[in-house]
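Taking it in order: structure first as structure tokens, then the write-up.
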Amino acid sequence: MKPESIPKVAPSKMLALQSPVGLRTVVCYLVVFFIVASSVIFLFDRGQEAQVQMLVEHENHEVKVDAAENHDHQRGNEAEVQWRTELQDSGEECNWSTGRWVYDNVSRPLYSGLKCAFMFPEVACDKYGRKDVMYQHWRWQPHGCDLPRFNATKLLEKLRNKRLVFVGDSVNRNQWVSLVCMVEASIPDARLKTRIFNDSLISFKALEYNATIDFYWSPLLLESNSDNPIIHRVSYRIIRADRIEKHATVWKDADIIIFNSYLWWRKQKDETMKVMYGSFEDGDAKLDEVEMIDGFEIALKKLTEWLGENIDKNKTRIFFAGSSPTHSWASNWGGEDRNKCLNETEPIYKVGYKAPTMDYSMMAKAKSYFTTLENKGIHVQILNITELSDYRKDGHPTVYRRQFVPLTKEQIANPASYADCTHWCLPGVPDVWNEFLYGYLMHK
């Protein structure tokens with residue numbers, strides 16, 4: 001079969017092919033192509049939106065539920081759920097602490113609480129009977145930017161041959177358990193991870209990396225009558241104003257320290273505390289009675305002095321965790337106080353919610369003390385987790401935890417009376433605190 005011959009066209013006739021009629025045809029094709037392409041892009045975007053099954057908008061309390069039509073496609077695109085793997089930039093312009101909670105049952109939870117071998121029974125809510133699991137599926141979405149996606153292997157590599165120490169109270173231990181569970185799942189061989197209890201110190205070791213993640217019990221930062229992690233006085237507190245060395249020797253060689261101290265300084269009714277100067281051994285002991293906030297400042301002053309004199313600014317990074325809210329007064333969000341946070345299953349949706357019972361000024365005081373270290377080249381980074389945690393009235397263990405003391409008949413008859421609205425179920429809110437920590441360590 002002979003190919004069709006192409007007739008020769010005179011120059012004058014070639015000009016005729018470039019007439020306005022030909023141009024109109026080309027333009028029409030371009031318009032059609034643009035419409036088709038726009039439709040494809042629109043459909044693709046809608047497909048991406050379908051991955052997030054529930055988006056909570058604080059502004060109007062609206063909950064949008066989108067059913068994923070193709071489960072396999074959804075799972076294959078988990079890495080693309082509304083946030084990228086890295087920060088948009090490493091500057092301070094991105095304020096992680098303001099944002100909203102987004103329901104995300106694709107990328108959350110970050111680990112299984114039932115499978116974490118290092119879970120503590122006081123925060124293992126699903127193990128102790130909590131049936132609603134929505135609290136595990138909320139992701140914190142900052143306004144105008146994204147948190148870096150947590151990568152356990154990268155963090156362990158960052159911690160290779162290093163020691164990270166959490167120093168504080170049981171809420172800080174709550175955060176320690178969270179971080180341990182976040183990383184231990186990436187170490188499938190049980191022989192390559194250990195946990196060691198040594199009085200006030202608990203150590204998790206990732207042996208392959210020679211990485212250590214410790215928790216040290218020191219709820220009032222200074223030496224006190226509450227230094228025993230098992231037997232301590234909560235209502236009658238005494239600190240030693242000039243004594244910190246016993247605790248400091250434990251964290252002095254750390255590469256990363258996360259301090260936490262808030263709950264033990266809160267004023268309960270007319271409660272005060274004692275401050276000891278001198279010692280009984282030397283016969284010059286003196287006890288002063290002070291307000292709780294004054295005791296907090298005494299501890300901050302001594303801690304700041306110690307950091308300024310002892311920390312190697314070229315080695316050690318220092319963090320101070322913000323106040324962790326409690327949700328014991330349901331009237332703060334329109335409930336009945338007698339119920340505390342019992343049976344709460346969703347966050348508070350009101351934008352900018354701040355509980356009136358939460359003392360935000362304490363972190364401002366802490367920051368003012370730590371700022372004095374800047375002229376020595378020592379920077380203390382505040383982990384501002386208070387506002388995001390304040391929304392989460394649903395995140396506490398309440399009655400779904402191990403009870404170390406048998407319940408009375410009165411407590412059994414009134415579950416709210418012993419509901420824990422202070423600590424946090426895991427997986428849960430402290431995982432986000434550790435995403436903040438990860439972001440600072442890896443990107444800032």
Side-chain angles (χ1 to χ4, degrees), residues 101 103 108-140 166 168-182 202 215 217 219 229-230 232 234 260 262-264 266 321 323-330 332-333 335-348 355 357-358 385-386 388-408 410-434:
W101 287 98
Y103 188 80
R108 290 296 185 276
L110 296 174
Y111 56 89
S112 167
L114 295 173
K115 293 180 180 179
C116 178
F118 302 94
M119 182 63 68
F120 271 40
E122 61 264 37
V123 293
C125 302
D126 44 4
K127 178 180 179 180
Y128 285 88
R130 184 166 180 175
K131 300 303 181 185
D132 67 292
V133 293
M134 282 182 64
Y135 69 92
Q136 300 184 9
H137 296 294
W138 295 95
R139 170 171 56 78
W140 180 249
F166 288 91
D169 57 23
S170 57
V171 173
N172 213 21
R173 184 174 62 213
N174 205 163
Q175 185 178 359
W176 172 82
V177 175
S178 163
L179 186 62
V180 169
C181 288
M182 288 168 76
I202 312 172
F215 167 75
W217 173 265
I230 307 300
H232 47 254
V234 176
N260 160 269
Y262 167 70
L263 289 175
W264 284 63
R266 290 185 309 159
S323 310
S324 174
T326 62
H327 290 91
S328 297
W329 303 97
N332 288 345
W333 59 85
E336 297 289 338
D337 281 341
R338 66 175 181 272
N339 296 326
K340 298 172 71 174
C341 66
L342 192 65
N343 299 323
E344 296 290 348
T345 59
E346 295 183 56
I348 295 166
T357 51
M358 183 72 200
I385 51 84
T386 306
L388 68 91
S389 306
D390 220 353
Y391 292 118
R392 293 301 304 276
K393 59 182 172 59
D394 61 311
H396 300 285
T398 63
V399 300
Y400 302 108
R401 52 163 292 173
R402 179 181 174 185
Q403 304 298 330
F404 294 96
V405 178
L407 298 174
T408 65
E410 291 76 17
Q411 287 176 318
I412 294 173
N414 180 20
S417 64
Y418 67 94
D420 181 353
C421 297
T422 298
H423 301 96
W424 301 92
C425 292
L426 294 178
V429 173
D431 301 338
V432 177
W433 305 350
N434 285 320

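Being a predicted model, the structure only gives us computed values, none of them experimental.
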- Query: What do the steps show when you test Asp126 against Leu114 for side chain to side chain contact (heavy atoms under 4.5 Å, CB included), and what is the final call?
  - Reply: CA-CA 7 Å; Asp126 44 4; Leu114 295 173; 3.6 Å; yes

Is [Y] close to [X] at the side-chain level, that is, under 4.5 Å between some pair of heavy atoms?
{"X": "Val432", "Y": "Trp101", "answer": "yes"}
{"X": "His423", "Y": "Ser170", "answer": "yes"}
{"X": "Lys127", "Y": "Pro121", "answer": "no"}
{"X": "Leu342", "Y": "Pro415", "answer": "yes"}
{"X": "Thr326", "Y": "Arg266", "answer": "yes"}
{"X": "Thr386", "Y": "Met358", "answer": "yes"}
{"X": "Arg401", "Y": "Val123", "answer": "no"}
{"X": "Tyr111", "Y": "Asp431", "answer": "yes"}

- Task: Could you tell me how the ring of Trp176 sits relative to the ring of Phe215: parallel (under 30°), tilted (30 to 60°) or perpendicular (over 60°)?
- Result: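 Rings of Trp176 and Phe215: tilted, as their planes differ by 30° to 60°.
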
For residues [X] and [Y], report the shortest heavy-atom separation together with the two atoms involved.
{"X": "Cys421", "Y": "Lys340", "value": "SG-CB, 3.8 Å"}
{"X": "Tyr418", "Y": "Gln411", "value": "CE2-O, 3.2 Å"}
{"X": "Cys425", "Y": "Pro430", "value": "O-CD, 4.3 Å"}
{"X": "Cys341", "Y": "Thr398", "value": "SG-CG2, 3.4 Å"}
{"X": "Glu346", "Y": "Met134", "value": "CG-CE, 4.2 Å"}
{"X": "Asp394", "Y": "Thr345", "value": "CB-C, 3.5 Å"}

- Task: Just do the side chain to side chain contact (heavy atoms under 4.5 Å, CB included) check on Tyr128 and Gln403 with the steps written out, would you?
- Result: CA-CA 10 Å; Tyr128 285 88; Gln403 304 298 330; over 6 Å; no

Do the side chain of [X] and the main chain of [Y] share a donor and acceptor less than 3.5 angstrom apart?
{"X": "Asp169", "Y": "Val171", "result": "yes"}
{"X": "Asp390", "Y": "Ala355", "result": "yes"}
{"X": "Gln136", "Y": "Val133", "result": "no"}
{"X": "His396", "Y": "Trp424", "result": "no"}

Distance check, rounded to the nearest 0.5 Å: [X] atom [atom1] versus [Y] atom [atom2]?
{"X": "Ile202", "Y": "Phe166", "atom1": "CD1", "atom2": "CZ", "result": "12.0 Å"}
{"X": "Gln175", "Y": "Leu426", "atom1": "CD", "atom2": "CG", "result": "10.0 Å"}
{"X": "His137", "Y": "Arg108", "atom1": "NE2", "atom2": "CZ", "result": "11.0 Å"}
{"X": "Thr422", "Y": "Leu263", "atom1": "OG1", "atom2": "CG", "result": "6.0 Å"}
{"X": "Leu407", "Y": "Asn414", "atom1": "CG", "atom2": "CG", "result": "11.5 Å"}
{"X": "Trp333", "Y": "His327", "atom1": "CH2", "atom2": "NE2", "result": "6.0 Å"}

- Message: Set out, in order, the CA-CA distance, both residues' side-chain angles and the distance that settles side chain to side chain contact (heavy atoms under 4.5 Å, CB included) for Trp433 and Leu179, then state yes or no.
- Response: CA-CA 9 Å; Trp433 305 350; Leu179 186 62; over 6 Å; no

- Query: So, is the end of the Arg130 side chain (NZ or CZ) under 6.0 Å from the ring centre of Tyr135 and within 45° of the ring's axis?
  - Reply: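 That pair qualifies as a cation-pi contact.
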
- Above 12 or not: heavy atoms from other molecules or residues under 6.0 Å from CH2 of Trp329?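 Not more than 12 within 6.0 Å, no.
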
- Task: Could you walk me through whether Trp217 and Arg173 pass the side chain to side chain contact (heavy atoms under 4.5 Å, CB included) test, one step at a time?
- Result: CA-CA 8 Å; Trp217 173 265; Arg173 184 174 62 213; 4.1 Å; yes

- Query: Can you find a side-chain donor-acceptor pair between Asn434 and Ser178 that sits under 3.5 Å?
  - Reply: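 Present: a donor and an acceptor within the cut-off.
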
